[in-house]
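Note that the structure is predicted; figures quoted are calculated from it, not measured. Any value given below was found using the heavy atoms of this structure, including those in side chains, with hydrogens, waters and symmetry copies removed. One is the number of the first residue; the rest follow in order along the sequence.
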Amino acid sequence: MRRTTGAGHVANEFVDEVPGVSQGTTVDAPWLNPVQEELCAVVESEGESLDGTGAITDQVWKAIAKRVAQRSKPLGELFFLQDHRAVSEWNDADPDAYFAGVCLDDGDKDIAVANYPDLVPYLLTRVLTYKEGVAGEQSTHNVTTWAVAGGVATLTFANLAPEIAVLTALLEDKEVHGGYASWRSITLAGAIGNILAGTYAITEVNAVARTVKFAAVVGNGGAGGAWTVQFFTHKVAGSATARVFQRAGGAIMSANDPDNEAVPGLRRRDRGQGHAHYVRTNNSAGAVLGIAGSGAGSTEAAINFTINRALDVTTDGTNGTPRTGKSTDPRNITAHLYVWARTYIA
């Protein structure tokens, strides 16, 4: 875009012709062509074809509306809505119906680039990263030994904090998932011993032994060395689709907690903070009895007795009646969780 420099301009602005008095500014090609191309670029950048008949006069407006609708959120943003919305592609006749959000509380799904041309490539680059965005960030994880026996490959990871944290987080995600079927994958950028480069479906994670197993149809063998692998959180072994996992009934937890348990892209189960219970006697003021064993926690004489279960939960006299259920939940507003795909094509 440029300001006019046509003959008769005043400070690069157009002026009207005054018949018999003055000649107005010349509307020349050096100014008109950039204006034309700027307007055409708005339409064509949204994948639309220019109307050559002149019958359609709102193509630029529709292209701008489409761009605003698609880019109202960053690609991959997680967001909530109170109502459930079905995905719907852009329609010039009904811009308000457009919705490119993938619902994350209605089940696992594998999505194709043909339907989600922006989201799928984005998801396929999301790699499991320890301390993402802060000091100590690590997205390639160190392998120290490999072994293949009976078509099953076993990789042993380094006994280092990043590897231990990632394997522990993966195992927790598996517990949320309920098993290894249709779950996460591991990617080898290069061959590790007899194991060929590629993406493999994980069949076992052992955070204590620091091992990951997967099927590998190659010769048996094993050795020590130094290699690195990655875990792409949405890659599907043997497929170009991206796997989107269900997150029903869960809350969003900020990554990079002090213990490095919250690794971005994985799920965690609910849990309560570790704690102990004591039983106070009614007939001896201040006496505290240990619940199990040899009077542990007693402030007076050690008393030995065992309580198998504490079934009654009651008020402590200060904080009201305790609420119980199948999970530990923070105060919340319940809504549908989506990830923004930017573009959807039916």
Side-chain angles (χ1 to χ4, degrees), residues 72-87 99-109 111 119 122-123 126 128-137 164-179 183-184 207 233-234 243-280 288 291 297 307-342:
S72 59
K73 303 178 185 298
L75 179 64
E77 178 180 339
L78 297 176
F79 64 100
F80 292 92
L81 288 174
Q82 294 188 48
D83 58 320
H84 184 278
R85 298 190 187 181
V87 65
F99 187 71
V102 180
C103 187
L104 299 182
D105 54 49
D106 58 6
D108 299 342
K109 53 180 73 73
I111 59 176
L119 182 61
Y122 166 80
L123 292 179
R126 289 296 304 154
L128 200 60
T129 303
Y130 172 79
K131 288 190 173 182
E132 184 173 19
V134 299
E137 177 177 304
I164 294 171
V166 165
L167 293 180
T168 301
L170 276 169
L171 190 57
E172 176 67 15
D173 186 273
K174 189 273 295 184
E175 292 298 324
V176 175
H177 193 69
W183 186 57
R184 307 283 181 178
T233 52
H234 298 277
R243 180 160 295 153
V244 179
F245 292 95
Q246 182 180 27
R247 283 174 167 80
I252 301 297
M253 181 176 180
S254 178
N256 298 328
D257 62 298
D259 296 319
N260 299 305
E261 294 180 319
V263 180
L266 297 181
R267 299 162 293 179
R268 296 189 60 82
R269 294 170 294 177
D270 58 281
R271 65 182 184 183
Q273 184 181 27
H275 61 283
H277 293 274
Y278 292 96
V279 177
R280 292 185 179 275
V288 180
I291 285 182
I307 296 177
N308 291 326
R309 292 186 300 169
L311 296 178
D312 296 330
V313 180
T314 186
T315 180
D316 59 5
T318 302
N319 296 304
T321 302
R323 294 174 295 278
T324 61
K326 293 183 178 180
S327 62
T328 301
D329 307 322
R331 294 180 180 180
N332 61 77
I333 294 176
T334 302
H336 295 283
L337 177 63
Y338 297 87
V339 58
W340 187 241
R342 181 179 291 165

Original post:
Could you walk me through whether Trp183 and Asp173 pass the side-chain contact (heavy atoms from CB on, under 4.5 Å) check?
Top reply: CA-CA 9 Å; Trp183 186 57; Asp173 186 273; 2.6 Å; yes
Original post:
Any luck finding a side-chain donor-acceptor pair between Arg267 and His177 under 3.5 Å?
Top reply: yes
Original post:
So do the side chains of Arg184 and Thr233 get within less than 4.5 Å of each other, counting heavy atoms only?
Top reply: yes
Original post:
So which heavy atom on Leu75 is nearest to which on Arg342, and how close?
Top reply: CB-NH2, 3.6 Å
**OP:** Would you name the heavy atoms of His336 and Asp105 that are closest together and state the gap between them?
**Re:** CA-OD2, 3.0 Å
Subject >> Sub-4.5 Å side-chain heavy-atom contact between Val87 and Val102 >> reply: no
**OP:** Work out which heavy atom in Ala165 is nearest to a heavy atom in Asn260; give both atom names and the distance.
**Re:** CB-O, 3.7 Å
Subject >> Gap between atom CG of Leu266 and atom CE of Met253 - 0.5 Å precision >> reply: 12.0 Å
**OP:** Kindly give the heavy-atom pair with the smallest separation between Glu137 and Thr129, and that separation in Å.
**Re:** CG-CG2, 3.5 Å
Original post:
Can you tell me how far the OG1 atom of Thr168 sits from the CD atom of Glu261, to the nearest 0.5 Å?
Top reply: 8.5 Å
Original post:
Mind checking what makes ring-ring contact (aromatic ring centres under 6.0 Å, His included) contact with Tyr338, not counting sequence neighbours?
Top reply: Phe79, Phe99
Original post:
Atom OG1 in Thr328, atom CZ in Arg269: separation rounded to 0.5 Å?
Top reply: 12.0 Å
Original post:
Gly320 and Thr315: which non-hydrogen atoms are nearest, and at how many Å?
Top reply: O-OG1, 3.2 Å
Original post:
Can you tell me how far OH of Tyr130 sits from CD1 of Ile164, rounded to the nearest 0.5 angstrom?
Top reply: 9.5 Å
Subject >> Atom pair CZ (Arg247) and SG (Cys103), whose distance is rounded to the nearest 0.5 Å >> reply: 12.0 Å
**OP:** Please report the shortest heavy-atom distance between Lys109 and Asp106, naming the atom on each side.
**Re:** NZ-OD1, 2.8 Å
**OP:** Drop me the distance from Asn332's CG to Ile252's CD1, to the nearest 0.5 angstrom.
**Re:** 12.0 Å
